[in-house]
Asker: 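Sharing a structure, written as structure tokens. Questions coming.
Protein chains get the first letters and strands the later ones, always in sequence-line order, with residue 1 at the start of each. A quick note: this is a predicted structure, and the numbers were derived from the prediction, not measured.
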There are 4 protein chains.
Amino acid sequence: MSESAQKKEESGKYNRIIAAATKTFAEKGFFKSTVSDVARAAEVAEGTIYLYFKNKDDLLISIFESSMDMFIREMDQALEGITDVKERLRRLITLHLSLVEAHRELAQVLHIELRQSSMFMREYTGDKLKQYLKFIQDIIEAGQAEGVFNSNADPYVLRRTIFGALDEVGLKWVLSKRKGPLEQFSKQIADLFLNGLTQLKEK
Amino acid sequence: MSESAQKKEESGKYNRIIAAATKTFAEKGFFKSTVSDVARAAEVAEGTIYLYFKNKDDLLISIFESSMDMFIREMDQALEGITDVKERLRRLITLHLSLVEAHRELAQVLHIELRQSSMFMREYTGDKLKQYLKFIQDIIEAGQAEGVFNSNADPYVLRRTIFGALDEVGLKWVLSKRKGPLEQFSKQIADLFLNGLTQLKEK
Amino acid sequence: MSESAQKKEESGKYNRIIAAATKTFAEKGFFKSTVSDVARAAEVAEGTIYLYFKNKDDLLISIFESSMDMFIREMDQALEGITDVKERLRRLITLHLSLVEAHRELAQVLHIELRQSSMFMREYTGDKLKQYLKFIQDIIEAGQAEGVFNSNADPYVLRRTIFGALDEVGLKWVLSKRKGPLEQFSKQIADLFLNGLTQLKEK
Amino acid sequence: MSESAQKKEESGKYNRIIAAATKTFAEKGFFKSTVSDVARAAEVAEGTIYLYFKNKDDLLISIFESSMDMFIREMDQALEGITDVKERLRRLITLHLSLVEAHRELAQVLHIELRQSSMFMREYTGDKLKQYLKFIQDIIEAGQAEGVFNSNADPYVLRRTIFGALDEVGLKWVLSKRKGPLEQFSKQIADLFLNGLTQLKEK
DNA sequence: TATGAATGAGTGTTCATTCAT
DNA sequence: AATGAATGAACACTCATTCAT
């Protein structure tokens, strides 16, 4: 680990700010959150934030990138050694919702706040999100190549369809007060998509 | 000026502002758009906007509500007389994406900008959106009651799943530069869900 | 007078802000003066300043330009009809110091504050100042053409020499607490330069 | 490290900071220069600057004082043994502009940046500047006592007049891109003032 | 001495909203 | 109803200065 990287990690300031910003943005929204709010939550001075992040937008981007990294890392780990594509897709769906459940504030920021920064939807290319979407797409393509999933549907469209469904369901669950068993949802959604995908070929 | 003419004139201003705000919010985002931007686009004075809308948030809410009204009205019309639930669901999917295609600025505002106003996701109950989601749910429940759709899945979850998928695919299409045939997407997505729904019961 | 110009002049806000800014900048210096200071002095809201001036720098530039306009206007008027170049130069020197005396705050801003805005010394071309310097130069050149002033010296250098002397003496007088008869200074300086200029040729 | 070596090292840092600050202030202006800019240019840590200077203002004052010391030292040296007052004044004028030419950054800081710190023009008494002005005044008074310069003019006014002229011409030369022969200017200005001063008495 | 991370007060500028006309 | 000049609260960001190491 480089010295500067070590400094950032070790001091904990960087991570403390990221965590505080995630919480603050989730609670008040990105635009309604002030840098001062984040500083207070992180228990650092306002100026300190600018030692670690270029500006307020950069803070949001950083939350996003580090989160997607985590998502992808967890997925890789969870699917390691699983060869059956149907099982891979089922686990991806389950894990996605589990992660949302485990990091509800994060999920909220990613889903809602991310889309408002004009930077994101218009200027920022969103490589990390694409990486995750590609992950989904790879599973679908593998399934199609194996003949397990039908090949009529464009994997590009399917990845969006699945991601959108998971994103929306996850968000709704995060926002709703009554927190039912998200696990059951996973099964229903996985069944829906797996059947949808496998049976199409027999048409 | 007669009273009815005046009324029309009023309503003309109202609609002009709604249209201008939709366009402006889609272009610059809700928070980055100023009331002055909207006024300029609508060719009215800033103060005039406050004769028709309580405040800037109210403008966004109004866009949303009138749009969802349109969505539901169009859906009602399109599904009128169609009794086959599978066909009803297929048409709903197709029409949803068609409407997005026809009103891309609106879709952008609904999808992105709507979620930023903390008012919306936290305070505003979003009755109109619920109304639309209920519309989807009704079709599913009818299908389940008829035995055409399997009954394992919670209609409540399904409506979110389908809505999320349509929302995400529609948004992506709106934002992408290369505008391919959205119609083909509709068929693929409809097939996916219909098969997913119908085959589940046979499991 | 155009309507918008009339508005600006009539409301008096523009001039009130210019006057308040001149006073404030003279007292505290440009950089140490806050826009809020100026607003308070002008008895307008902070935001109002931005309706009349692009930004704080623009305020300084505007003070400068309108002042140099006044300087030149007064000079034109004072020298109108005077044909003798020696008398013209003498009157210019006298009037310059009189104007400084009459508008000491203005003089202070012009002399000191003007030079700090990087805009001015580096980016701003300072056309109005050049116009005034050209005014001085014209007198010198006319004198040289008539053979009244000697022609050994570059009019370009002379104009700077005279301007610098007047500027420095004027400033010092403005800043010093004991305010003696500036008029007597005028005579001494005029004598010095006129003799310097006229006798050089006989060398 | 020996004590004397340490002292030298200290002094080395001191001078390095002075030099870096002069350069930085000349380039960006005093207010727009940050202490961090100066530290970077001097290749020391920010905190180090505060070991040698009380604060940012003190840095500017120190530049000024050490420069005026140099000015006076050089003048003393250059005029040593010259008894003819006319020659003394001529040499002073020439040397002033030569020094400006040799230390253009310094000249710029002295002329422009110095005047912005409210400390200077209002609170700071400027002893060193007075010392230099007194230097000029002494020459004039000597000339008047000898009967070489006419006695009509107040030496106090004359010193300001000459200083102002030199300051302005020097500054203009420093700022202008096209750098002509400043030496020629010296001769013209010296001629102008010497004739102005000597001939006044014969009037 | 020397460092440079941390601080937090301070400021230019924006913009939603109001209200006299 | 319509206007748009005026308001002033709010906020992102900077930077001189400090201090623990």
Asker: DNA chain F in dot-bracket, Watson-Crick or G-U pairs under 3.5 Å, [ ] crossing, | other strand?
Answerer: .||||||||||||||||||||

Asker: Please determine whether a side-chain nitrogen or oxygen atom of A:Thr48 lies at a distance below 4.0 Å from atom OP1 or OP2 of E:dA6.
Answerer: no

Asker: Separation of D:Phe30 atom CZ from F:dC15 atom C1', in whole Å?
Answerer: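 About 12 Å, once rounded to whole Å.
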
Asker: For the atom pair CG (C:Leu106) and OG (C:Ser66), what is the distance rounded to the nearest 0.5 Å?
Answerer: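 Here the interatomic distance stands at 7.5 Å.
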
Asker: Mind checking ring pair (Phe, Tyr, Trp, His ring centres under 6.0 Å) for C:Phe53 and listing every partner two or more places apart, or none if nothing turns up?
Answerer: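 With neighbours one apart ignored, the set is C:Tyr14.
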
Asker: Output the single nucleotide from E:dC15, F:dA2, E:dA6 whose closest atom is nearest the side chain of B:Thr34.
Answerer: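 When the side chain of B:Thr34 is considered, E:dC15 is the closest of E:dC15, F:dA2, E:dA6.
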
Asker: Nearest-Å distance, NZ (A:Lys32) to P (F:dA12)?
Answerer: 13 Å

Asker: If we ignore hydrogens and angles and just use 3.5 Å, is the side chain of D:Glu105 paired with the main-chain N or O of D:Thr22 as donor and acceptor?
Answerer: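 Pair absent, no side-chain N/O of D:Glu105 close to backbone of D:Thr22.
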
Asker: Within this structure, what is the CZ-to-C1' distance between B:Arg40 and F:dT3, rounded to whole angstrom?
Answerer: 15 Å

Asker: Of all residues at least two apart in sequence or in a different chain, which pass the side-chain contact (heavy atoms from CB on, under 4.5 Å) check with A:Ala42?
Answerer: A:Ile17, A:Ala20, A:Val44

Asker: Just grab all the salt bridge (charged side-chain N to carboxylate O under 4.0 Å, His left out) pairs involving residues 39-53 of chain B, residues at least two apart or on different chains.
Answerer: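 Every salt bridge (charged side-chain N to carboxylate O under 4.0 Å, His left out) pair that includes a residue of residues 39-53 of chain B, provided the two are not neighbours, is B:Asp37-B:Arg40.
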
Asker: Can you check the C:Asp58 CG to E:dT13 P distance for me, whole Å?
Answerer: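 Atom CG in C:Asp58 sits about 10 Å away from atom P in E:dT13.
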
Asker: So which protein N/O to nucleotides 17-20 of chain F N/O distances come out below 3.5 Å?
Answerer:
from	atom 1	to	atom 2	distance (Å)
F:dT17	OP2	D:Tyr50	OH	3.0
F:dT17	OP2	D:Lys56	N	3.1
F:dT17	O4	D:Glu46	OE1	3.2

Asker: To the closest 0.5 Å, what do you measure between CG (B:Leu59) and CZ (B:Phe30)?
Answerer: 7.5 Å

Asker: If I take atom CD1 in residue A:Ile49 and atom P in nucleotide F:dC11, what distance separates them, rounded to the nearest angstrom?
Answerer: 14 Å

Asker: What I'd like to find out is whether the side chain of D:Ile18 reaches to under 4.5 Å of the side chain of D:Tyr52, using heavy atoms alone.
Answerer: no

Asker: Going by side-chain hydrogen bond (donor to acceptor under 3.5 Å, both in side chains), name the residues that satisfy it together with D:Lys23, two or more places apart in sequence or in a different chain.
Answerer: D:Glu27

Asker: Taking 4.0 Å as the cut-off, does a side-chain nitrogen or oxygen of C:Lys13 come that near to OP1 or OP2 on F:dA6?
Answerer: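 Yes, because at least one side-chain N or O of C:Lys13 sits under 4.0 Å from OP1 or OP2 of F:dA6.
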
Asker: In terms of the nearest nucleotide of DNA chain F, which residue is placed more toward the 5' end: D:Ser33 or C:Ala45?
Answerer: C:Ala45

Asker: Starting at CD1 of A:Ile17 and ending at P of E:dA5, how long is that distance when rounded to a whole Å?
Answerer: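 Distance, rounded to whole Å: 13 Å.
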
Asker: Rounded to the Å, how far apart are D:Leu60 CG and F:dA16 P?
Answerer: 13 Å

Asker: Between D:Thr24 (side chain) and D:Ser33 (backbone), is there a donor-acceptor pair under 3.5 Å?
Answerer: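 Absent.
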
Asker: Name the closest nucleotide to the D:Leu51 side chain, picking from F:dA2, F:dT7, E:dT1.
Answerer: E:dT1

Asker: Separation of A:Phe31 atom CZ from F:dA12 atom C1', in whole Å?
Answerer: 12 Å

